[in-house]
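Side-chain atoms are counted along with the backbone in the values below, which use heavy atoms only and exclude waters and symmetry mates. Computed from a prediction, not measured in an experiment: that's the story for all the values here. Residue numbers begin at 1 in each chain, while the letters A, B, ... track the order of the sequences.
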Amino acid sequence: MIRILLLLIPFILFAQKPKILLLKVYKDQNITGWVMSEKLDGIRAYWDGKHLISRGGKIIHAPKWFTKDYPPFPIDGELWSKRGDFENVSSIVRDKTPSDKWREITHNIFEVPNAKGGLFKRLAKVKPYVGKYIKIIKQIPIKNKKQMQNFLHQVESKGGEGIVVRDPKAPYINK
DNA sequence: TGTCTCGTGTCGGGTAGCTGG
DNA sequence: CCAGCTACCC
DNA sequence: GACACGAGACA
């Protein structure tokens, strides 16, 4: 129906590799008190503390210098460059022998697996590591439905894919 | 019974990688 | 080097 | 990801 996506509260565990949370289509639930962010159209990448792993569990060969300052704990986000550049990002990121084009890429974090507390507290753990390549996706508190619709239209007008809304109080459950 | 939701399966545009000629 | 097919991304 | 279907849940 609508092009808004809702983050699954209890999420699904992937076959073996990454424990990834998936998105559901926004229905019409109470989202007051929730947060929203732009849904970036890039490549999902999970950092397990040592390697970047794709949604399907494949290792993403990033240059040494790209992951040099990554944290020792897991973080999850989207490899992205700019709007409407998915094919390019896909190409860069999936190259087995990484090129200098990785300079264009940023890893936009939206989750910190295994961390305690609500979303903001978890994301705060990443702050010391934010730099040229690691970014934290801005989470905007939702005041009401209208404000959310405005944000969605704003994102779409800029060529964005949609927005993600989620409950910041929900902990990251590790099943 | 009709409607809505959710899980599963298939297909598609596009690129990387492997192999054989 | 190139065509054809598989594997992955969303 | 986009669709198409079918099994369940619900009123």
Side-chain donor-acceptor pairs under 3.5 Å in residues 124-137 of chain A, sequence neighbours left out?
from, atom 1, to, atom 2, distance (Å)
A:Y133, OH, A:R103, NH1, 3.1
A:K135, NZ, A:G131, O, 3.0

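A:Y70 is linked by a ring-ring contact (aromatic ring centres under 6.0 Å, His included) to A:W47, A:H107, counting only residues two or more places apart in sequence or in another chain. In terms of the salt bridge (charged side-chain N to carboxylate O under 4.0 Å, His left out) criterion, residue partners of A:E38 (sequence neighbours excluded) are, by chain and number, A:R83. With sequence neighbours left out, the side-chain contact (heavy atoms from CB on, under 4.5 Å) criterion links A:K146 to A:N144, A:N150. Among residues two or more places apart in sequence or in another chain, the side chain to side chain donor-acceptor pair (under 3.5 Å) test is passed with A:S81 by A:D85. For A:T106, the side chain to side chain donor-acceptor pair (under 3.5 Å) criterion is met by A:N108, not counting sequence neighbours.
Rounded to whole Å, atom P of B:dA16 lies 10 Å from atom CD1 of A:I92. Atom CZ of A:R83 is separated from atom P of C:dC10 by 19 Å (rounded to the nearest Å). Straight-line distance from the CG atom of A:L40 to the P atom of D:dG1: 13 Å, rounded to whole Å. The distance from atom CD1 of A:I60 to atom P of C:dC9 is 8 Å, rounded to the nearest whole Å. Nucleotide C:dA7 holds its P atom 18 Å from the CD1 atom of A:I43, rounded to whole Å. Whole-Å rounding puts the A:H61 NE2 to B:dG17 P distance at 8 Å. Straight-line distance from the NZ atom of A:K58 to the P atom of B:dC18: 13 Å, rounded to whole Å. Residue A:F86 contributes atom CZ, which lies 10 Å from atom C1' of C:dC8 at whole-angstrom precision.
Under 4.0 angstrom from either OP1 or OP2 of D:dG1 there lies at least one side-chain N or O belonging to A:K39. Residue A:S91 has no polar side-chain atom (N or O) positioned under 4.0 Å from OP1 or OP2 of B:dG14.
Remark: side-chain polar atoms of A:R166 are not paired, donor with acceptor, to backbone N or O of A:V35 under 3.5 angstrom.
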Audit row: A:K50, A:D48, salt bridge (charged side-chain N to carboxylate O under 4.0 Å, His left out) steps and yes/no:
CA-CA 6 Å; A:K50 292 195 165 55; A:D48 67 358; over 6 Å; no
What pairs of nitrogen or oxygen atoms, one from the protein and one from nucleotides 8-10 of chain B, lie under 3.5 Å apart?
none

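Closest contact between the side chain of A:E87 and the listed nucleotides C:dC10, C:dC8, B:dG14 involves B:dG14.
At a threshold of 4.0 angstrom between heavy atoms, the contacts of A:S90 with the nucleic acid are absent.
Residue pairs meeting the side chain to side chain donor-acceptor pair (under 3.5 Å) criterion with at least one member in residues 91-101 of chain A, sequence neighbours excluded, are A:D95-A:T97.
Taking every heavy atom of residues 94-102 of chain A and every atom of DNA chain B, pairs under 4.0 Å involve A:R94, A:D95, A:K96, by number.
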